[in-house]
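Remarks on the structure that follows.
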Amino acid sequence: MWRRVASLSPLVSRSKSRLLDQVQVANGFNVWQVFSTQVLNPTEGGVSDRRRTPLVTFVLGGPGSGKGTQCTRIVETFGFTHLSAGDLLRKEISSNSENGSMILNTIREGKIVPSEVTVKLIQKAIEASENDRFLIDGFPRSEENRIAYERVIGAEPDIVLFFDCPVEEMVKRVLNRNQGRVDDNIDTVKERLKVFTELNLPVIKYYSEKGKLYKIDATGSEDEIFERVRPVFAVLR
Ligand SMILES: Nc1ncnc2c1ncn2[C@@H]1O[C@H](COP(=O)(O)OP(=O)(O)OP(=O)(O)O)[C@@H](O)[C@H]1O
Ligand SMILES: Nc1ccn([C@H]2C[C@H](O)[C@@H](COP(=O)(O)O)O2)c(=O)n1
Ligand SMILES: [Mg+2]
């Protein structure tokens with residue numbers, strides 16, 4: 001049986017034993033196999049060092065908390081590949097896929113797209129990448145998202161960032177964004193905030209209890225916030 005074997009920095013050593021023990025989830029295609037250049041030798045119980053295990057960071061926070069902005073900075077400085085769940089869904093809309101109109105209506109209403117759709121897009125994007133470091137931005141948005149990801153991908157994230165921002169600041173940022181998004185209006189933002197509280201906060205609590213959560217104060221300038229983010233990744237270089 002394939003096992004995920006992590007080679008992690010001291011930063012994530014808390015979760016190392018859990019990762020070492022993790023086995024491929026039955027019935028679920030394990031996306032990490034795509035990256036497997038390292039082979040578990042069952043007779044020796046050891047691992048040759050030819051496998052690269054991707055490092056996955058989930059990036060969470062309310063609408064307009066600055067997830068995408070800070071992801072850009074993390075990519076520039078630490079060489080991650082940025083996968084924004086919202087961007088992947090918006091690309092589906094513009095490519096006129098069979099789910100396009102359902103996704104558009106869901107986003108317009110500020111609700112969450114069915115997990116199977118979003119997880120499939122994330123899986124495809126990971127598989128298409130040569131990188132072994134991913135920021136998955138705006139995902140998981142709900143416990144259902146989280147469980148679907150674990151089932152399909154067969155792994156947990158290594159790090160979870162949570163951009164903690166006051167509601168008034170988030171609303172101000174969204175309404176000033178000016179990128180033509182269908183959900184950047186006061187009615188949809190209200191609904192997204194409700195969905196964030198009801199469905200996303202439990203996910204944040206879950207990862208906090210697992211010791212994987214890095215809560216970042218998301219107020220102040222982009223530079224100030226990035227200086228709070230930097231130490232999370234600095235030890236990985
Ligand atoms: N520290 C900051 N101060 C002021 N404005 C900011 C800051 N960080 C980001 N912004 C601006 O706020 C808006 C929202 O930021 P961003 O798109 O990064 O948020 P997000 O968390 O990805 O939101 P969403 O969940 O809606 O995609 C953008 O216009 C961005 O330029
Ligand atoms: N896991 C996700 C992520 C996003 N969506 C939908 C609903 C969101 O309001 C919208 C925009 O996402 P953002 O760009 O703000 O991260 O996309 C979803 O259904 N599930
Ligand atoms: Mg965003």
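Read the numbers this way: they start at 1 and go in the same order the structure lists the ligands and their atoms. Values below: every heavy atom of this structure, side chains too, minus hydrogens, waters and symmetry copies.
- The cationic atom of R133 (NZ for Lys, CZ for Arg) does not lie both less than 6.0 Å from the six-membered ring centre of F78 and within 45° of the ring axis.
- Among protein heavy atoms, atom 3 (C) of ligand 2 sits closest to G138 O, 3.2 Å.
- Using a 4.0 Å cut-off between a side-chain N of Lys or Arg and a carboxylate O of Asp or Glu, E150 and R146 qualify as a salt bridge.
- Here is the list of ligand 1 atoms found below 4.0 Å of a heavy atom in I225: 1 (N).
- For atom 16 (O) of ligand 2, the closest non-hydrogen atom of the protein is R141 NH1, 3.1 Å.
- Between T118 and ligand 2, no pair of N/O atoms sits closer than 3.5 Å.
- Residue-level proximity to ligand 2 for I107 is carried by the side chain, the only part with a heavy atom below 4.0 angstrom.
- For the pair T106 and ligand 2, no heavy-atom separation below 4.0 Å is found.
- Atom 19 (O) of ligand 1 has its nearest heavy-atom neighbour, among G61, G62, G66, A218, in G66.
- In this structure, Y149 has its ring center closer than 6.0 angstrom to the ring center of F139.
- The side-chain heavy atoms of R230 and F226, taken from C-beta on, include a pair separated by under 4.5 Å.
- A salt bridge links K210 to E156: at least one charged side-chain nitrogen sits closer than 4.0 Å to a carboxylate oxygen.
- Counting heavy atoms from C-beta outward, N200 and N145 have side chains that stay 4.5 Å or more apart.
- For atom 15 (O) of ligand 1, the candidate residues are T69, D223, D87; the nearest heavy-atom contact is made by T69.
- For a threshold of 3.5 Å applied to N or O pairs, the pair formed by V174 and ligand 1 contains no separation below that value.
- When all heavy atoms of E191 and G110 are compared, the pair lying nearest together is CG-O, 4.0 Å.
- Nearest to atom 22 (O) of ligand 1 among the protein's heavy atoms is G68 N, 3.0 Å.
- Checking side-chain atoms of S95 against main-chain N and O of E92 turns up a donor-acceptor pair under 3.5 Å.
- Between the choices R90, E191, E109, K67, the shortest heavy-atom distance to atom 14 (O) of ligand 2 belongs to R90.
- Neither the backbone nor the side chain of E144 comes within 4.0 Å of ligand 2, counting heavy atoms alone.
- For ligand 1, the polar-atom distance check finds no N/O of N176 at less than 3.5 Å from any of the ligand's N/O atoms.
- Within the 4.0 Å heavy-atom cutoff, G138 does not count among the residues contacting ligand 1.
- For ligand 2, none of its N or O atoms has an N or O atom of F139 under 3.5 Å away.
- For S221, every heavy-atom contact with ligand 1 shorter than 4.0 Å involves the backbone, none the side chain.
- Residue K111 touches ligand 2 through its backbone alone, judged by heavy-atom distances below 4.0 Å.
- One option in K172, K67, Q179 has a heavy atom closer to atom 25 (O) of ligand 1 than any other, and that option is K67.
- Contact annotation: G64 has at least one heavy atom less than 4.0 Å from an atom of ligand 1.
- Within the 4.5 Å cutoff, side-chain heavy atoms of V167 are placed close to those of L193.
- Remark: distances from the non-hydrogen atoms of R192 to ligand 1 include one below 4.0 Å.
- At a threshold of 4.5 Å between non-hydrogen side-chain atoms, the residues E143 and V203 count as touching.
- For atom 19 (O) of ligand 2, the closest heavy atom belonging to the protein is V113 N, 2.7 Å.
- Taking distance alone, with nitrogen or oxygen atoms compared against 3.5 Å, R181 approaches ligand 2 more closely than that limit.
- By the 4.5 Å heavy-atom criterion applied to side chains, I107 and V182 are counted as neighbours.
- Distances from atom 8 (N) of ligand 1 to the heavy atoms of E169, M170, E222, R73 put E222 nearest.
- T72 places a side-chain N or O within 3.5 Å of a backbone atom of G68 that can act as its donor or acceptor partner.
- Closest of all the heavy-atom pairs between R173 and G66 is NH1-N, 4.1 Å.
- Taking every non-hydrogen atom of R181 and a distance limit under 4.0 Å, the qualifying atoms of ligand 1 come out as 24 (P), 26 (O), 27 (O).
- Put simply, part of G220 is less than 4.0 Å from ligand 1, judged by heavy atoms.
- Atom 4 (C) of ligand 1 has its closest protein heavy atom at R173 NE, 3.8 Å.
- Not one N or O of D87 is nearer than 3.5 Å to an N or O of ligand 2, by distance alone.
- The side chain of D183, and not its backbone, has at least one atom closer than 4.0 Å to an atom of ligand 2 (non-hydrogen atoms only; side chain from C-beta on).
- Side-chain atoms of I103 and V117, non-hydrogen and from C-beta on, do get closer than 4.5 Å to each other.
- Between I225 and D217, the shortest heavy-atom contact is CG1-O, 3.9 Å.
- In this structure, F163 CZ and Q70 CD are separated by 5.0 Å, a value rounded to the nearest 0.5 Å.
- At least one heavy atom of P63 sits less than 4.0 Å from an atom of ligand 1.
- Between K120 and E116, none of the side-chain N atoms (NZ, or NE/NH1/NH2) sits under 4.0 Å from a carboxylate O, so this pair counts as no salt bridge.
- Salt bridge D158/K212: absent, no basic N to carboxylate O contact under 4.0 Å.
- Residue contact check for ligand 1: S84 places no non-hydrogen atom closer than 4.0 Å to it.
- Within the structure, ligand 1 lacks Q70 among the residues with a heavy atom less than 4.0 angstrom away.
- A centroid separation of 6.0 Å or more is found between the aromatic rings of F58 and F162.
- The nearest heavy-atom contact from the protein to atom 5 (N) of ligand 2 is L89 CD1, 3.4 Å.
- Taking distance alone, with nitrogen or oxygen atoms compared against 3.5 Å, R192 approaches ligand 2 more closely than that limit.
- Considering only non-hydrogen protein atoms, atom 24 (P) of ligand 1 sits nearest to R177 NH1, 3.5 Å.
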